[in-house]
Trainee: 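Please see the structure below; I have some questions.
Just so you know, these numbers come straight off a predicted model, no measurement behind them.
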Amino acid sequence: MSKAVKWLLGLVVVVLAAVAAFFAFGHGNDKQAVNHDKVGKLPVAYNNPGKAIKGGDLKIAVVSDTPFQGSYLSPLSDDALTTEMFNPTGQGSSGIFATDKQFKINDKGAATVKFDDDAKTATITLNKKLTWSDGKPVTAKDYEFTYEVLANKAYGSDRWTESLANIEGLSDFHDGKTKTISGITYPDGEDGKKVVVHFKAMKPGMPYSGNGYYLETVTPYHQIKDIAPKKLASSEANTTKPLVWGPYQVAKVVPGESIRLTPNKYYYGEKPKLNSITEQVVSPTKIAAAFNAHKYDLSIENIASLYPQIKKASGYKMTGQNQLYVSMEVFNLGHYDADKSENVQDRDTPLQDKRVRQALGYALNTQQVIDKYSNGLGTRATSLIPPVFSSVQDKDAKGFPLNQKKANALLDEAGWKLNKKTGYREKDGKELDLVYMARSGAPTSEAVSQNNIQQWKKVGVKVSLYGGRLTDFNSWSKIIQDGTSQKWDITDAAWGLSSEPSQMDLFSKAAPYNLGHATSPELTKLLNDIDSQSALKTSYRKEAFKKYQEYMNDQAYVVPQKFAIDYTPVNDRVVGWTKANDAYDLWEKIGVTSNDLATK
């Protein structure tokens, strides 16, 4: 189904696990496979025995307290919400490659990839029948042009990473030294179906989706080639009238509010069953009532705190899946230099002392917050690698369990002494006073942020909210993406992770998504080691991941908070719904048994 940095690049915004054995729906087979797998207490699929009618409108609620940003083209999209909404078009987090249950790319998607380790190449072959929704074929140039939009600074993409610099000639193109990308060639010409990507070095994660070393989407070159780079982001080609190759095309977009999708008559695969799919943004405060009123078939971007209310709605089944997800508290340690495309850890802040960062982590009662608000859908994160990656997660990692005694000792050691009159710590005549850019978005956001502020106060750290209130996602995103703000010290963040566990594109020196701008020679070495030639050996890579997790917990550049289980309520009339990670053909299989939603 979906895969993701899940805010990210070839990457894939989004999330979902890879441990249990999931059964995909057979491509081209009308008979639905039965999936009995569970995550926690929730089934992965809703095995409706009914038969889908011809047509019907699937109604999807998109749970959000802010509008979706609506950028369709993958190099220009940073909004996981928008990416998820466009999944039925093929351009969302699914991409052109299908995977097995372990996220290894197979030959069942819109394209295949074959590697030649000696030649250091990946050959991407597009399905011969793959066609855009205007009837024109998807070509090799469409795949290559995605790299141009991402790497040409004039387009304004912020998805450039060190991983992509491993492609021959792409860095020179990114820096404006060349007008073409020497490391991408067309064996059958630009109008052919085959592309060869030439690498400087082969990497162990390359066979897996979400690895970040090559892209997993296509861009309609013939539609956008004549659009000025600076105008592409706001153009109809990127917002309201994009061309697609998946089972559904974009029929109507109400910016920030809703999207209506209809079958793509040029789709290369099995003809979709539905007449349309309507996706509507619904406030978290209204979603439970909407389900009780049977207004929607299912919802995406669901919030754990609302689970008890939503699961009571009649006429629905609850499904679930482990998320490739970790939430964290991020410390602002520097800035992002857009001209050099790199992070610089240079901020004048008490947070440069890792003892202060560690203390802030140990001061938090994270497990208590999870127990109170997550309704069994979360566990405290002990490292930055979720347990879904069981082969490389450090099972001995402890993370930052509540330990106020240790937090106080660390602050004392760092020279921050408690002023008993004020209750706050001081050093060199200055109070330890920090600004917390806490995000809104969930009914519990205010309560959790105030809890954190109180926990930090207990160890003598004065913390106030950015602007005196919670920050909505769109405002937060603009501040974070700018990468130069010195007005915040701590912020909430969460990653829908790539289905390949390397975190090069999250914490490398060049990563725009390195939100706190933490860098060090040791961190660079550890990230490179995970993706090195030596790491082609499984045991070596496992040890490299262990060292990385130990280092990140020791340095506390970020404080891991929560791993999560995602849930989806599904109306009883829906056929073919699954959250299995290998259900690449979900949207062509899904249907409904009647024109009216089930109410009992």
Side-chain angles (χ1 to χ4, degrees), residues 4-14 74-80 83 147 150-151 153 156-167 170-171 174-175 200-201 203 205-206 210-216 324-347 383-385 476-485 491 493-532 544-545 548-549 551-552 555-558 560:
V5 165
K6 278 146 198 229
W7 296 45
L8 299 150
L9 129 100
L11 296 134
V12 262
V13 179
V14 184
S74 60
L76 302 179
S77 177
D78 294 297
D79 177 16
T83 302
Y147 291 88
L150 185 150
K153 295 178 182 179
S157 172
D158 61 4
R159 292 194 171 191
W160 175 258
T161 68
E162 287 184 10
S163 296
L164 290 173
N166 185 47
I167 295 174
L170 193 55
S171 289
H174 178 63
D175 292 336
K200 297 174 184 176
K203 301 292 182 177
M206 284 181 172
N211 61 77
Y213 288 101
Y214 52 90
L215 302 183
E216 302 184 30
L324 285 178
Y325 166 101
V326 60
S327 66
M328 65 197 77
E329 299 298 342
V330 177
F331 302 118
N332 188 4
L333 303 177
H335 75 281
Y336 184 75
D337 187 328
D339 292 332
K340 295 182 179 179
S341 297
E342 66 179 27
N343 289 284
V344 183
Q345 186 177 329
D346 63 348
R347 189 165 178 254
S383 79
L384 290 169
I385 304 295
W476 177 90
S477 183
K478 288 180 181 178
I479 295 167
I480 288 296
Q481 288 175 29
D482 177 68
T484 60
S485 175
T491 193
W495 289 117
L497 299 170
S498 165
S499 42
E500 205 291 308
S502 169
Q503 297 188 340
M504 176 70 77
D505 293 328
L506 295 179
F507 292 107
S508 71
K509 189 171 185 177
Y513 298 96
N514 183 349
L515 305 184
H517 318 294
T519 64
S520 75
E522 181 65 15
L523 177 55
T524 298
K525 178 180 179 298
L526 290 168
L527 288 169
N528 287 338
D529 208 23
I530 286 171
D531 291 345
S532 67
F545 266 107
Y548 166 72
Q549 290 168 86
Y551 178 80
M552 292 300 280
Q555 291 298 312
Y557 294 131
V558 300

Trainee: Could you check whether any side-chain heavy atom of Ser499 comes within less than 4.5 Å of a side-chain heavy atom of Leu324, counting everything from C-beta outward?
Mentor: yes

Trainee: Quick one about Tyr548 and Gln503 (side-chain donor to acceptor, distance below 3.5 Å, no hydrogens or angles considered), yes or no?
Mentor: yes

Trainee: Report the distance from atom CD1 of Ile530 to atom CG of Leu527, rounding to the nearest 0.5 Å.
Mentor: 6.0 Å

Trainee: For the CG atom of Leu170 and the NZ atom of Lys200, what is their distance to the nearest 0.5 Å?
Mentor: 8.5 Å

Trainee: Quick check: closest heavy atoms across Pro512 and Thr161, and the distance to 0.1 Å?
Mentor: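 Distance-wise, the nearest heavy atoms are CD-CG2, 4.3 Å.
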
Trainee: For the residue pair Ser502 and Phe545, what are the closest heavy atoms and their distance?
Mentor: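 Closest approach of Ser502 to Phe545, heavy atoms only: N-CZ, 3.7 Å.
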
Trainee: Does the pair Lys153 and Trp160 meet the rule for a side chain to side chain contact (heavy atoms under 4.5 Å, CB included), with working shown?
Mentor: CA-CA 9 Å; Lys153 295 178 182 179; Trp160 175 258; over 6 Å; no

Trainee: Not counting sequence neighbours, which residues clear ring-ring contact (aromatic ring centres under 6.0 Å, His included) with Tyr147? List them please.
Mentor: Tyr143

Trainee: Quick check: closest heavy atoms across Phe507 and Asn514, and the distance to 0.1 Å?
Mentor: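 The answer is O-ND2, 3.4 Å.
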
Trainee: Between the side chains of Asn343 and Thr519, does any donor sit under 3.5 Å from an acceptor?
Mentor: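 Side chains of Asn343 and Thr519: no pair found under 3.5 Å.
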
Trainee: Which atom pair, heavy atoms only, marks the closest approach of Ala165 to Ser171?
Mentor: CB-OG, 3.3 Å

Trainee: Look up atom CG in Asn528 and atom OG in Ser508, then write down how far apart they are to the nearest 0.5 Å.
Mentor: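 Here the rounded value is 8.5 Å.
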
Trainee: Given side chains that start at C-beta, do those of Met328 and Leu384 come closer than 4.5 Å, heavy atoms only?
Mentor: yes

Trainee: Got Asn166 and Met206 here, is their nearest side-chain heavy-atom distance under 4.5 Å?
Mentor: yes

Trainee: For the residue pair Thr524 and Pro521, establish whether any side-chain heavy-atom pair is separated by less than 4.5 Å.
Mentor: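 No, side chains not in contact.
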
Trainee: Does Leu506 reach the side chain of Leu497, with side-chain heavy atoms less than 4.5 Å apart?
Mentor: yes

Trainee: Could you tell me whether a side-chain N or O of Gln555 sits under 3.5 Å from a main-chain N or O of Tyr557, the two making a donor and an acceptor?
Mentor: no

Trainee: To the nearest 0.5 Å, tell me how far Ser485 OG sits from Lys478 NZ.
Mentor: 14.5 Å

Trainee: Ile480 and Thr491: which non-hydrogen atoms are nearest, and at how many Å?
Mentor: CD1-CG2, 4.3 Å

Trainee: Measuring from atom CD of Glu162 to atom CE of Met504, what distance do you get when rounded to the nearest 0.5 angstrom?
Mentor: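 Result: 6.0 Å between the selected atoms.
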
Trainee: Assess whether side chain to side chain contact (heavy atoms under 4.5 Å, CB included) is satisfied between Leu523 and Tyr551, documenting all intermediate values.
Mentor: CA-CA 8 Å; Leu523 177 55; Tyr551 178 80; 3.8 Å; yes

Trainee: Write out all pairs satisfying side-chain hydrogen bond (donor to acceptor under 3.5 Å, both in side chains) with one or both partners inside residues 326-340, taking only residues at least two apart or from two chains.
Mentor: His335-Asp346

Trainee: Where is the tightest heavy-atom contact between Pro501 and Ile385, given as atom of each residue plus distance?
Mentor: O-CD1, 3.9 Å

Trainee: Check for a donor-acceptor pair, side chain of Ser157 on one end and backbone N or O of Pro75 on the other, with a separation under 3.5 Å.
Mentor: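 Between the backbone of Pro75 and the side chain of Ser157 there is a qualifying donor-acceptor contact (under 3.5 Å).
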
